[in-house]
Amino acid sequence: MKITKLEAIPLRVKQVDATANDGAQETIIVKVHTDAGITGLGEVDASPHMIKAALEAPSSHNWSLGFQDLLIGENPLDVERLWDKMYQGTIYTGRRGLIIHAIGAVDLALWDIAGQALGRPVFELLGGPRRDTVVPYASVHPPLSSLSETERRTQELIEAVLKMGYRAVKLQLVYGDVYTDADLVRLVKMARRILGEEITFMIDVGYRWLDSKAAIWTLERLEECNLYLVETPLRMDDLDGHARLAEAVTTRIAGAELLASRFEAIDLMDRGKVDVIQPDIGRAGGLTESLRIARLADHRGLLCTPHGWKSGLTVAAEIHFSAAASNVPFIEFMVPELWPSVIRRELVSPEFTPKNGVIELPKTPGLGVQLNEEVVRRLQ
Ligand SMILES: [Mg+2]
């Protein structure tokens with residue numbers, strides 16, 4: 001089997017609100033075609049038109065090769081070798097950032113091809129299942145217009161996901177300059193009271209604090225809430241601040257959604273001392289690179305929970321990832337019923353719907369999802 005063609009398809013809802021904190025208003029689907037008639041699907045959470053440009057650029061020289069030249073004619077089953085070939089072949093313009101994200105989208109499509117070609121779900125090719133079901137945590141995102149509105153919506157959203165049966169919830173209080181740290185403490189305590197003691201509770205504060213002292217002040221006051229983790233407390237590049245914070249509090253410190261490649265993840269784990277590493281599967285460099293990150297975390301006795309904020313294709317990647325990695329107890333899950341974007345709700349079928357708070361492992365070959373072509377046509 002040989003790769004014959006690479007296709008990058010940006011999709012965008014009609015009315016994009018660029019001020020909204022909603023990454024599911026657009027996406028990019030990458031199709032890798034083969035001479036066996038099998039097509040693999042990939043997706044990545046990065047600027048769709050920039051990814052398209054990266055994937056379509058011609059070769060410049062031997063350290064800056066185009067993806068078409070790197071991939072066409074290759075055997076798509078050589079997934080890990082092709083990852084290394086793409087990384088080395090783009091190293092002059094790549095190494096981190098956008099090119100790693102582009103590699104990530106291609107990597108997902110290659111795993112999808114491999115699964116389809118062998119008639120097996122991707123997690124079986126990644127080493128086999130480590131669990132019977134995958135546990136999604138419901139990412140709950142109240143608006144930040146005013147403190148009272150944030151409180152009201154937090155309560156409504158938590159009650160909604162409890163009713164749906166979720167066992168783990170993450171409250172996203174991101175970019176919140178509408179409330180003080182003392183307000184945040186009250187808000188999180190209120191959320192814990194509504195959730196009860198049994199539900200796993202996480203918070204994401206979206207790089208809120210400028211220094212570790214402010215984060216320590218707040219998290220010490222939240223000890224009684226038994227938070228499973230606090231995500232992105234400090235600016236991403238403040239690695240030493242992360243280390244000071246992680247050493248000062250008992251709550252797990254988490255982050256990594258912005259990172260590209262295991263090399264950045266190693267810095268966040270070893271210098272930043274985080275307890276939970278949270279690669280976005282596409283952005284980090286695909287399933288190949290995210291599994292490398294999960295294993296590096298496992299060797300350090302750390303947990304890994306993927307970030308995921310796109311279509312059901314990214315959800316599928318998260319499911320196969322959690323199924324195959326021993327230290328991935330949860331996946332991020334944007335609850336479709338609470339999300340306005342058609343990309344999150346309808347781009348692929350089947351959409352994975354949790355039952356009793358868990359998702360069964362898929363049995364279909366590959367990543368196990370098809371594009372809803374009618375939605376693709378509408379959003380191009
Ligand atoms: Mg986040």
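One-based numbering, in listed order, for ligands and for the atoms of each. Worth saying up front: this structure is predicted, and the values here are computed from it rather than measured.
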*In terms of the angle between their ring planes, are H141 and W309 parallel, tilted or perpendicular, with boundaries placed at 30° and 60°?*
tilted
*Examine E332 and say whether one of its N/O/S atoms is closer to the Mg ion (ligand 1) than 2.8 Å.*
no
_For the Mg ion (ligand 1), the closest N/O/S atom belonging to E231_ = OE2
_Which atom of E257 approaches the Mg ion (ligand 1) most closely (N/O/S)_ = OE1
*Should I203 and L303 be counted in the same cluster of Ile, Leu, Val, Met, Phe, Trp and Tyr side chains packed under 4.5 Å apart?*
no
*Of the N, O or S atoms in D204, the one nearest the Mg ion (ligand 1)*: OD2
*Any idea how F333 and Y166 line up, ring-wise: parallel (<30°), tilted (30 to 60°), or perpendicular (>60°)?*
tilted
*asked:* Show, in sequence, the C-alpha distance, side-chain angles and deciding distance for Q278 and E332, and conclude whether the side chain to side chain contact (heavy atoms under 4.5 Å, CB included) test is met.
replied: CA-CA 9 Å; Q278 298 176 299; E332 182 162 35; over 6 Å; no
